[in-house]
Amino acid sequence: MSVPQLSLTAARHLHLAAQGLLKKPRRRARPADILATIQRMSLLQIDTINIVARSPYLVLFSRLGDYSPSWLDEALRRGDLMEYWAHEACFLPHEDFALVRHRMLAPENMGWKYRAAWMDEHAAEIEQLIAHIHEHGPVRSADFDHPRKGSSGWWEWKPHKRHLEGLFTAGKVMVVERRNFQRVYDLTHRVMPHWDDERDLLSQAVAEDRMLEKSARSLGLFRPTWLADYYRLRQPVLPALMARWQAEQKVVRVEVKTLGEAFVHADLLPELELAQAGRLHATHSAVLSPFDPVVWDRKRAEQLFNFTYRLECYTPAPKRQYGYFVLPLLHCGQLVGRMDAKMHRKTGVLEIIALYLEPDIKPGRRLESGLTAAIEDFARWQGARQVVCKRLPDGLFSDRQGEWEIAAAD
């Protein structure tokens with residue numbers, strides 16, 4: 001049987017199809033789409049920076065279009081979702097508790113996320129905290145007073161925040177909701193009353209195999225070396241894994257021009273046929289989060305999209321190349337540029353501090369139309385009434401003189 005040959009463009013389209021970013025949504029979003037979208041991606045990374053919309057809300061917007069961010073909060077509160085360490089801190093479908101439970105039961109293997117010495121030193125206080133939750137119900141770290149100011153002049157983490165983070169990593173408590181994006185914790189046995197470790201626990205090997213398969217499905221098209229990063233796993237023995245998956249007809253091997261050997265998950269076989277026939281087209285333009293699955297693996301983004309990206313918010317300002325919180329720009333199957341932006345919520349202005357196109361991307365009518373729609377949708381969703389641009393590539397948005405009013409949605 002001959003190995004399918006694909007162009008790099010077709011490979012990108014298969015990946016975007018798996019991620020839900022190939023085409024603009026055909027209908028208005030509904031609350032049930034939150035869980036379905038996260039199931040499609042497998043997980044949704046959490047980040048708290050809110051210079052524009054917080055990352056998890058933006059990742060969903062890029063795929064769903066206009067929707068209410070409260071739907072994500074409600075999905076967590078309703079129990080459709082859970083939180084735990086996956087790629088990093090992530091929202092996961094609630095049914096994936098089984099995939100990460102082995103991590104909870106061995107928190108000492110979680111590195112900086114769990115400080116055994118702290119938990120041992122404060123064992124008595126932590127038992128009192130557990131008893132408090134048992135008697136009084138869910139808590140936030142904000143419910144407890146801070147005993148002192150840090151010697152550095154900054155407020156250090158409160159002891160109860162450290163306690164709760166440790167209990168969370170160890171699987172003793174779970175996040176049941178967020179209030180103003182602050183975690184609310186309850187005891188795990190109350191959140192998962194029907195779970196039994198002796199009966200339901202998966203071995204690490206079985207859980208990790210399932211996570212790798214979910215990674216393959218969510219990537220759609222992938223090189224084997226891309227799999228482990230999705231859930232932050234150790235690199236498996238890839239030749240044996242690919243041979244087994246091919247025998248089980250879970251994946252199909254393909255050859256991609258300039259990329260080399262890759263695999264397509266069986267769920268995307270209809271799209272693979274379209275791609276081979278030159279009929280799989282990308283039409284979506286969107287503003288992406290720096291923590292979007294498409295770009296969070298920087299090496300993968302370079303190999304698949306020829307897009308070199310680095311998050312610079314933790315870099316001193318004089319050393320930044322592009323800006324504080326730079327958002328990748330997707331247009332018709334390519335990562336065509338990036339923009340450093342800030343949402344001024346009081347005045348209803350989306351400020352584009354700087355927008356950069358990739359070296360091989362030239363301004364044109366189709367590109368400008370796609371980016372205009374993507375930026376306006378992004379701004380309108382956040383309540384902006386105006387876009388103000390400070391620094392733009394030559395020839396882009398020149399007829400707008402760097403600012404424009406946003407028309408109301410239809």
A.B. asks: Do any N or O atoms from the side chain of Ser55 and from the backbone of Ile46 form a donor-acceptor pair under 3.5 angstrom?
C.D. replies: no
A.B. asks: Ignoring hydrogens and geometry, is there a side-chain-to-backbone donor-acceptor pair from Arg199 to Trp195 under 3.5 Å?
C.D. replies: no
A.B. asks: Please identify which of these residues, Arg183, Met174, Met104, meets the side-chain contact (heavy atoms from CB on, under 4.5 Å) condition with Phe168.
C.D. replies: Arg183
A.B. asks: Keeping Thr37 on the side-chain end and Leu60 on the backbone end, is there a donor-acceptor pair under 3.5 Å?
C.D. replies: no
A.B. asks: Search all heavy atoms of Ala384 against all heavy atoms of Val349 and return the closest pair with its distance.
C.D. replies: CB-C, 4.4 Å
A.B. asks: Does anything in residues 307-332 pair up under salt bridge (Lys or Arg N to Asp or Glu O under 4.0 Å), and if so which pairs, sequence neighbours excluded?
C.D. replies: Arg310-Glu312
A.B. asks: The criterion is ring pair (Phe, Tyr, Trp, His ring centres under 6.0 Å); which residues satisfy it with His194, sequence neighbours excluded?
C.D. replies: none
A.B. asks: Say you draw a straight line from OG1 of Thr283 to NE2 of His13; how long is it, rounded to the nearest 0.5 Å?
C.D. replies: 9.0 Å
A.B. asks: List the steps and the verdict of side chain to side chain contact (heavy atoms under 4.5 Å, CB included) for Leu105 and Leu201.
C.D. replies: CA-CA 10 Å; Leu105 298 179; Leu201 182 66; 3.8 Å; yes
A.B. asks: Kindly indicate whether a cation-pi arrangement holds for Arg103 with Tyr84, taking the cut-offs as under 6.0 Å to the six-membered ring centre and within 45° of the axis.
C.D. replies: no
A.B. asks: Is there a side chain to side chain contact (heavy atoms under 4.5 Å, CB included) between Tyr57 and Asn50 once you walk through the steps?
C.D. replies: CA-CA 10 Å; Tyr57 302 107; Asn50 66 343; over 6 Å; no
A.B. asks: Name all residues meeting the side chain to side chain donor-acceptor pair (under 3.5 Å) criterion together with Gln303; count only those two or more places apart in sequence or in a different chain, and write none if there are none.
C.D. replies: Arg223, Trp226
A.B. asks: Any carboxylate oxygen within less than 4.0 angstrom of a Lys/Arg side-chain nitrogen, looking at Asp197 and Arg101?
C.D. replies: yes
A.B. asks: If we ignore hydrogens and angles and just use 3.5 Å, is the side chain of Tyr231 paired with the main-chain N or O of Leu43 as donor and acceptor?
C.D. replies: no
A.B. asks: With sequence neighbours excluded, give me every salt bridge (Lys or Arg N to Asp or Glu O under 4.0 Å) pair touching residues 2-24.
C.D. replies: Lys24-Asp377
A.B. asks: State, to 0.1 Å, how close Leu99 and Ala207 come at their nearest heavy-atom pair, and which atoms those are.
C.D. replies: O-CB, 3.6 Å
A.B. asks: Just checking Lys214: does its NZ atom have more than 12 heavy atoms from other residues, nucleotides or ligands closer to it than 6.0 angstrom?
C.D. replies: yes
A.B. asks: Checking the side chain of Glu135 only, and the main-chain atoms of Ile133 only, is there a donor and an acceptor separated by less than 3.5 Å?
C.D. replies: no
A.B. asks: Locate the shortest heavy-atom distance separating Leu76 from Val175; write the atom from each residue and the value.
C.D. replies: CD1-O, 3.9 Å
A.B. asks: Mark yes when over 12 heavy atoms from residues, nucleotides or ligands other than Arg30 sit less than 6.0 Å from its CZ; otherwise mark no.
C.D. replies: no
A.B. asks: To the nearest 0.5 angstrom, please state how far the CG atom of Leu268 sits from the NE2 atom of His15.
C.D. replies: 11.0 Å
A.B. asks: Do Asp209 side-chain atoms and Ala205 backbone N/O form a donor-acceptor pair below 3.5 Å?
C.D. replies: no
A.B. asks: With sequence neighbours left out, write down each residue that passes ring pair (Phe, Tyr, Trp, His ring centres under 6.0 Å) with His160, or none if nothing qualifies.
C.D. replies: Phe144, His163
A.B. asks: Strictly by ring pair (Phe, Tyr, Trp, His ring centres under 6.0 Å), give each pair with a member in residues 312-355 just once, sequence neighbours left out.
C.D. replies: Tyr322-Tyr356
A.B. asks: Is the CG atom of Asp394 crowded by more than 12 outside heavy atoms at less than 6.0 Å?
C.D. replies: no
A.B. asks: Over all heavy atoms of both residues, which pair between Thr347 and Arg385 is shortest? Give the atoms and the distance, please.
C.D. replies: O-NH2, 3.0 Å
A.B. asks: Enumerate, atom names and distances included, each donor-acceptor pair closer than 3.5 Å involving a side-chain atom of residues 360-376, sequence neighbours excluded.
C.D. replies:
residue: Glu368; atom: OE1; partner: Phe397; partner atom: N; Å: 3.1
residue: Thr372; atom: OG1; partner: Glu368; partner atom: O; Å: 2.7
residue: Glu376; atom: OE2; partner: Trp404; partner atom: NE1; Å: 2.8

A.B. asks: Considering only residues two or more places apart or on different chains, which pairs with a residue in residues 372-392 satisfy ring pair (Phe, Tyr, Trp, His ring centres under 6.0 Å)?
C.D. replies: Phe61-Trp381, Tyr67-Trp381
A.B. asks: Does a donor on one side chain sit under 3.5 Å from an acceptor on the other, for Ser68 and Ser70?
C.D. replies: yes
A.B. asks: With a sphere of 6.0 Å drawn around CZ of Arg391, does it hold more than 12 non-hydrogen atoms of other residues, nucleotides or ligands?
C.D. replies: no
A.B. asks: Search all heavy atoms of Val176 against all heavy atoms of Pro138 and return the closest pair with its distance.
C.D. replies: CG2-CB, 4.3 Å
A.B. asks: If you apply the rule side chain to side chain contact (heavy atoms under 4.5 Å, CB included), what do you find for Ile38 with Asp80, and how did you get there?
C.D. replies: CA-CA 10 Å; Ile38 295 174; Asp80 293 346; over 6 Å; no
A.B. asks: Under 6.0 Å from the CZ atom of Arg279, do we count more than 12 heavy atoms belonging to anything else shown?
C.D. replies: no
A.B. asks: Please test Val173 against Val139 for side chain to side chain contact (heavy atoms under 4.5 Å, CB included), starting from the C-alpha separation and ending with a verdict.
C.D. replies: CA-CA 10 Å; Val173 300; Val139 299; over 6 Å; no
A.B. asks: Is the shortest distance from a Lys or Arg side-chain nitrogen in Arg234 or Glu208 to a carboxylate oxygen in the other one below 4.0 Å?
C.D. replies: yes
A.B. asks: Look at the side chain of Arg54 and the backbone N and O of Thr48, then say whether any donor-acceptor pair between them is shorter than 3.5 Å.
C.D. replies: yes
A.B. asks: Any chance you could measure Phe91, atom CZ, to Asp73, atom CG, to the nearest 0.5 Å?
C.D. replies: 7.0 Å
A.B. asks: State the CE-CG distance between Met339 and Leu350, to the nearest 0.5 angstrom.
C.D. replies: 5.5 Å
A.B. asks: Say you draw a straight line from NZ of Lys172 to CG of Leu164; how long is it, rounded to the nearest 0.5 Å?
C.D. replies: 13.0 Å
A.B. asks: With side-chain hydrogen bond (donor to acceptor under 3.5 Å, both in side chains) as the test, pick out the partner of Thr169 among Trp112, Tyr114, Trp85.
C.D. replies: Trp85
A.B. asks: Could you check whether Arg40 pairs with Asp267 (Lys NZ or Arg NE/NH1/NH2 to Asp/Glu carboxylate O, under 4.0 Å)?
C.D. replies: no
A.B. asks: Atom CG of residue position Asp229 - does it have more than 12 heavy atoms of other residues, nucleotides or ligands inside 6.0 Å?
C.D. replies: yes
A.B. asks: Just grab all the salt bridge (Lys or Arg N to Asp or Glu O under 4.0 Å) pairs involving residues 327-348, residues at least two apart or on different chains.
C.D. replies: Arg338-Glu358
A.B. asks: Might you confirm whether atom CD of Gln249 has over 12 heavy atoms from other residues, nucleotides or ligands at distances under 6.0 Å?
C.D. replies: no
A.B. asks: With sequence neighbours left out, what residues match Trp296 under ring pair (Phe, Tyr, Trp, His ring centres under 6.0 Å)?
C.D. replies: His87, Tyr230
A.B. asks: For Lys390, give me all partners under salt bridge (charged side-chain N to carboxylate O under 4.0 Å, His left out), at least two apart in sequence or on another chain.
C.D. replies: Glu351
A.B. asks: Spell out, as yes or no, whether a donor-acceptor pair under 3.5 Å connects the side chain of Arg28 to the backbone of Asp66.
C.D. replies: no
A.B. asks: Write down the atom of Ser7, the atom of Val256, and the distance for their closest heavy-atom approach.
C.D. replies: O-CG1, 3.8 Å
A.B. asks: Partners of Glu213 by salt bridge (charged side-chain N to carboxylate O under 4.0 Å, His left out), sequence neighbours excluded?
C.D. replies: Arg217, Lys250
A.B. asks: For Arg190 and His134, indicate whether the former's side chain and the latter's backbone hold a donor-acceptor pair under 3.5 Å.
C.D. replies: yes
A.B. asks: Would you find a donor on one side and an acceptor on the other, under 3.5 Å apart, between the side chain of Asp292 and the backbone of Val294?
C.D. replies: yes
